[in-house]
Amino acid sequence: MATWLCVKQCGACCHLDPSERPELEDYLAPEDLKLYLSLVGEDGWCIHFDPEARECKIYDQRPRFCRVQLDVFQELYGIEAEELNDFAIDCCQQQIEGVYGDASPEMEHFNQAVGCEL
């Protein structure tokens with residue numbers, strides 16, 4: 001069974017371009033949406049993303065909406081505990097595909113790390 005985990009040096013979730021996430025207003029509260037938009041750099045990437053290290057510079061202090069945790073996903077998406085693992089894997093795969101491509105090394109690395117059959 002595949003088990004979600006955050007894969008180091010991926011960073012796909014740090015690509016925040018709002019034009020690629022038209023549903024933001026559907027699940028972020030107004031204050032969270034304001035914070036989200038303040039984090040988007042001119043290139044569409046989070047201002048706290050380190051492109052050389054390919055990781056978040058504030059990972060331990062990152063906003064709540066950046067966290068894959070049951071309480072966050074229940075609040076934002078209505079996800080129940082038994083759905084979290086598969087939903088998180090699907091979200092990551094969609095984001096990785098959108099940022100790097102379906103056949104990218106990042107997708108292959110993620111799928112291997114979480115135990116998805118290729």
Side-chain angles (χ1 to χ4, degrees):
M1 178 176 154
T3 304
W4 181 87
L5 61 95
C6 181
V7 176
K8 295 256 185 212
Q9 283 77 49
C10 172
C13 60
C14 298
H15 191 258
L16 304 178
D17 189 343
S19 69
E20 296 177 15
R21 297 180 181 204
E23 72 287 348
L24 285 172
E25 291 180 15
D26 295 343
Y27 59 85
L28 289 181
E31 63 274 5
D32 286 336
L33 180 59
K34 184 177 179 179
L35 174 59
Y36 181 98
L37 295 174
S38 76
L39 297 175
V40 181
E42 290 182 21
D43 59 359
W45 287 85
C46 179
I47 60 174
H48 298 293
F49 179 67
D50 179 343
E52 288 184 28
R54 294 182 72 176
E55 58 189 26
C56 178
K57 295 183 280 188
I58 62 162
Y59 189 81
D60 291 334
Q61 294 83 35
R62 70 198 183 280
R64 189 166 187 270
F65 54 75
C66 292
R67 299 171 183 268
V68 178
Q69 298 171 188
L70 179 57
D71 61 328
V72 174
F73 274 52
Q74 282 177 323
E75 178 186 323
L76 297 179
Y77 312 111
I79 298 303
E80 296 301 325
E82 62 275 2
E83 302 169 304
L84 178 62
N85 186 65
D86 291 344
F87 185 80
I89 289 171
D90 188 53
C91 286
C92 286
Q93 288 172 329
Q94 287 179 31
Q95 186 66 13
I96 292 168
E97 180 178 356
V99 174
Y100 301 119
D102 187 44
S104 65
E106 291 83 2
M107 183 69 82
E108 183 177 335
H109 184 218
F110 177 78
N111 285 334
Q112 287 177 343
V114 302
C116 286
E117 293 187 28
L118 304 175

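Because the structure is predicted, anything quoted here is derived from the model rather than measured. Residue numbers start at 1 and run along the sequence shown.
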Check step by step if side chain to side chain contact (heavy atoms under 4.5 Å, CB included) holds for Asp43 and Phe49. CA-CA 11 Å; Asp43 59 359; Phe49 179 67; over 6 Å; no
Nearest 0.5 Å, what's the [atom1]-[atom2] distance between [X] and [Y]?
| X | Y | atom1 | atom2 | answer |
| --- | --- | --- | --- | --- |
| Leu76 | Arg67 | CG | CZ | 12.5 Å |
| Thr3 | Asp86 | OG1 | CG | 9.5 Å |
| Cys14 | Ile47 | SG | CD1 | 11.5 Å |

Please say whether more than 12 non-hydrogen atoms of neighbouring residues, nucleotides or ligands are located less than 6.0 Å from CD in Gln69.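 Check passes, neighbour count above 12.
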Considering residues, nucleotides and ligands other than His48, do more than 12 of their heavy atoms fall under 6.0 Å from its NE2?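 Result for NE2/His48: enclosed.
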Do [X] and [Y] sit in the same hydrophobic cluster, where Ile, Leu, Val, Met, Phe, Trp and Tyr count as joined when their side-chain heavy atoms come under 4.5 Å apart?
| X | Y | value |
| --- | --- | --- |
| Leu35 | Leu16 | yes |
| Tyr59 | Val68 | no |
| Trp4 | Leu70 | yes |

Under the 3.5 angstrom rule, does the side chain of Gln95 hit a backbone N or O of Ala12 as a donor-acceptor pair?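 Between the backbone of Ala12 and the side chain of Gln95 there is a qualifying donor-acceptor contact (under 3.5 Å).
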Between Tyr36 (side chain only) and Pro18 (backbone N and O only), is there a donor and an acceptor less than 3.5 Å apart?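 No; judged by distance alone, with no hydrogens or angles, the pair does not exist.
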Hey, are the side chains of [X] and [Y] touching, using non-hydrogen atoms and a 4.5 Å cut-off?
| X | Y | result |
| --- | --- | --- |
| Phe110 | Cys92 | yes |
| Gln93 | Asn111 | yes |
| Val114 | Leu5 | yes |

Electrostatic pair Arg64-Asp71, nearest N-O below 4.0 angstrom: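 Yes.
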What pairs of residues pass the salt bridge (charged side-chain N to carboxylate O under 4.0 Å, His left out) test when at least one of them lies in residues 54-63, not counting sequence neighbours?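 Those involving residues 54-63 are Arg54-Glu106.
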Which atoms form the tightest heavy-atom contact between [X] and [Y], and what is the distance?
| X | Y | answer |
| --- | --- | --- |
| Leu24 | Leu33 | CB-CD1, 3.9 Å |
| Val72 | Phe65 | CG1-CA, 4.4 Å |
| Asn85 | Ala2 | ND2-O, 2.7 Å |

Of all pairs that satisfy ring-ring contact (aromatic ring centres under 6.0 Å, His included), the ones with a partner from residues 10-33, not counting sequence neighbours: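 For residues 10-33: His15-Trp45, Tyr27-Tyr77.
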